[in-house]
Amino acid sequence: MYVRHLQVTDFRSWEHADLAFEPGVSVLVGRNGQGKTNLVEALGYVATLGSHRVATDAPLIRHGASRAVVRTAVVNEGRELLVELEITPGKANRARINRGPVPRPRDVLGILRTVLFAPEDLALVRGDPGERRRFLDELLTTRAPRYAGVRSDYERVLKQRGALLKSVRASRNADISTLDVWDGHLARHGAELLAARLDLVADIAPHVAAAYAEVAPESRPARIAYRSSLGEAFPESHDREVLEDAMLAELHRVRGQEVERGVCLVGPHRDDLDLALGDLPAKGYASHGESWSFALALRLGGYELLRVEGAEPVLVLDDVFAELDRGRRRQLAKVAAGAEQVLITAAVAEDVPEELDGLRFDVRHGEVRRV
């Protein structure tokens, strides 16, 4: 899989940009603030319908514009598809495939698959659980696009159930009988999402451990494990129906606490991915270099998992070589050199290892030029 062409209009700082890529390595070089990250962010949006930098769509629209448009031509096993996304804050976004409209933007998921490593990824190790949940869910959706719908259904039920809990908390005489209905919806959608996450963690764990051993051979072994909000009620079986029953039972057990606090205390939205080095948690104990290595191992583990399953993604390395020491640069370059396509951004060309020589684009003053 590779991106053959990218065009953006009114996306971030870009009034317009047009780039033609090829398989192999492409390097976008420009000083900070010139817009090179905005270009790979546009590709990431096509792949995930989200940004690795912001939580909402509004910042993606160029100041003064009413909408942004991203068009990209993706080649996969000899077949080319043109994906177009129109991003309009406050309104429903629209999508087209080969010029034809599709019912929902998420119908484009799976056409372009990317794995992006960026400076923000340090939060995967040092940040709050939401960062790690997002990592899992984005990889899950990349792996199996149908889970975008599962996530959407779960988040919708979670929001509605949370609103009901808040209203019950505000009125002591409120009728809580409808909570039983919402418990059922939350457990059903939550169990499906939880089962998929558990399968994903089991499959990616050996790839993460191997990647960490390569980029930090002198360090302790890395381990990852899923931590569920079900706590002691978490069943040994990961069967969806068993998980659903366990979630329903736990929701019933903590109902009093939920009503008192007005929040949902059980479900995938409260889970975490535990990261450990040896016998110690990475968060709080890992050095700066070890934290970078773990973040890199998570991304490379995801890349390897997708690759061995037959859908090699585009590898995007956004301004990361300047953050890595010589050994980690060398290991990352070794992986990147074997990718079908790798897109790299860098402030100066010297930051990019010599092994990753390829197409080069200069990004400056609102223009991007192949050199």
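What you are looking at is a predicted structure, and each value in this text was computed from that prediction instead of being measured.
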- Message: Looking at R156, I'd like to know if its CZ atom is crowded, meaning that more than 12 non-hydrogen atoms belonging to other residues, nucleotides or ligands lie closer than 6.0 Å.
- Response: yes
- Query: Should we count CG of D199 as having more than 12 external heavy atoms under 6.0 Å?
  - Reply: yes
- Flag for S219-E290: side-chain donor and acceptor within less than 3.5 Å: yes
- Task: Name the orientation class of the two ring planes belonging to F117 and W292 (parallel below 30°, tilted from 30 to 60°, perpendicular beyond 60°).
- Result: perpendicular
- Counting only heavy atoms not in R126, do more than 12 fall under 6.0 Å of its CZ? yes
- Message: For R67, I'd like to know if atom CZ has over 12 heavy atoms of other residues, nucleotides or ligands within 6.0 Å.
- Response: no
- Message: For residues V254 and L179: do they belong to one hydrophobic cluster (side chain heavy atoms under 4.5 Å, members Ile, Leu, Val, Met, Phe, Trp, Tyr)?
- Response: yes
- Only one of Y212, Y285, F135 forms a ring pair (Phe, Tyr, Trp, His ring centres under 6.0 Å) with F294, so which one is it? Y212
- Do you know which two heavy atoms are closest between S293 and A216, and how far apart they sit? OG-CB, 3.8 Å
- Apply the test salt bridge (charged side-chain N to carboxylate O under 4.0 Å, His left out) to residues E84 and R71: give CA-CA distance (whole Å), side-chain angles for both, the deciding distance (0.1 Å), then the verdict. CA-CA 4 Å; E84 300 174 86; R71 297 181 180 89; 2.8 Å; yes
- Heavy-atom neighbours of Q160 CD exceed 12 at 6.0 Å: yes
- Starting from the C-alpha separation in whole Å, work towards a yes-or-no answer on salt bridge (charged side-chain N to carboxylate O under 4.0 Å, His left out) for E155 and K159. CA-CA 6 Å; E155 290 166 1; K159 182 178 180 180; over 6 Å; no
- Just wondering, do V54 and L60 contact through their side chains at under 4.5 Å, heavy atoms? yes
- Query: Got a sec: does the CD of E77 have more than 12 other heavy atoms crowding it under 6.0 Å?
  - Reply: no
- Locate the shortest heavy-atom distance separating R299 from V115; write the atom from each residue and the value. O-CG1, 3.5 Å
- Less than 4.5 Å apart, any side-chain heavy atom of K36 and any of R31? no
- Item | E80 side chain near V74 side chain, heavy-atom distance below 4.5 Å | no
- V208 and A297: which non-hydrogen atoms are nearest, and at how many Å? O-CB, 3.7 Å
- With T345, the side-chain hydrogen bond (donor to acceptor under 3.5 Å, both in side chains) member among D319, D318, N38: D318
- V83 and R96, any side-chain heavy atoms less than 4.5 Å apart: no
- Query: With a 4.5 Å limit on heavy-atom distance, are the side chains of R197 and D137 in contact?
  - Reply: yes
- Message: Counting only heavy atoms from other residues, nucleotides and ligands, does the tally under 6.0 Å from CD of E354 exceed 12?
- Response: no
- Message: One pair to check against salt bridge (charged side-chain N to carboxylate O under 4.0 Å, His left out): D325 and R328. What are the steps and the verdict?
- Response: CA-CA 6 Å; D325 60 29; R328 293 179 178 87; 2.3 Å; yes
- Side chains of D18 and H5: do they bring a donor and an acceptor to under 3.5 Å? yes
- Item | Within-4.5 Å side-chain heavy-atom neighbours: L112 and V3 | yes
- Task: Using a strict cut-off of less than 4.0 Å between a Lys/Arg side-chain nitrogen and an Asp/Glu carboxylate oxygen, indicate whether R12 and E41 qualify as a salt bridge.
- Result: yes
- Query: Linking I/L/V/M/F/W/Y whenever any side-chain heavy atoms sit under 4.5 Å apart, do L356 and L343 land together?
  - Reply: no
- Message: Evaluate R240 against E192 for salt bridge (charged side-chain N to carboxylate O under 4.0 Å, His left out), listing each step before the verdict.
- Response: CA-CA 6 Å; R240 188 193 61 76; E192 187 173 5; 5.9 Å; no
- Do you know the tightest heavy-atom contact between L109 and A148? CD1-CB, 3.4 Å
- Item | Parallel, tilted or perpendicular, as decided by the 30° and 60° cut-offs, for the rings of F21 and F361 | perpendicular
- Heavy atoms, side chains only, cut-off 4.5 Å: are V75 and M1 in contact? no
- Query: Would the number of heavy atoms belonging to other residues, nucleotides or ligands and lying under 6.0 Å from CG of D128 be above 12?
  - Reply: yes
- Message: Taking R370 first and then E22, would you say they form a salt bridge - that is, a charged N and a carboxylate O separated by under 4.0 Å?
- Response: yes
- Message: Taking the side chain as everything from C-beta on, heavy atoms only, tell me whether P105 gets closer than 4.5 Å to R94.
- Response: no
- Query: Once you round to the nearest 0.5 Å, how far does OG of S13 lie from NE2 of H63?
  - Reply: 13.5 Å
- Task: List the atom of R329, the atom of P353, and the distance in Å for their closest heavy-atom pair.
- Result: O-CG, 4.2 Å
- Item | Least distance between heavy atoms, G338 atom then E312 atom | O-OE2, 4.0 Å
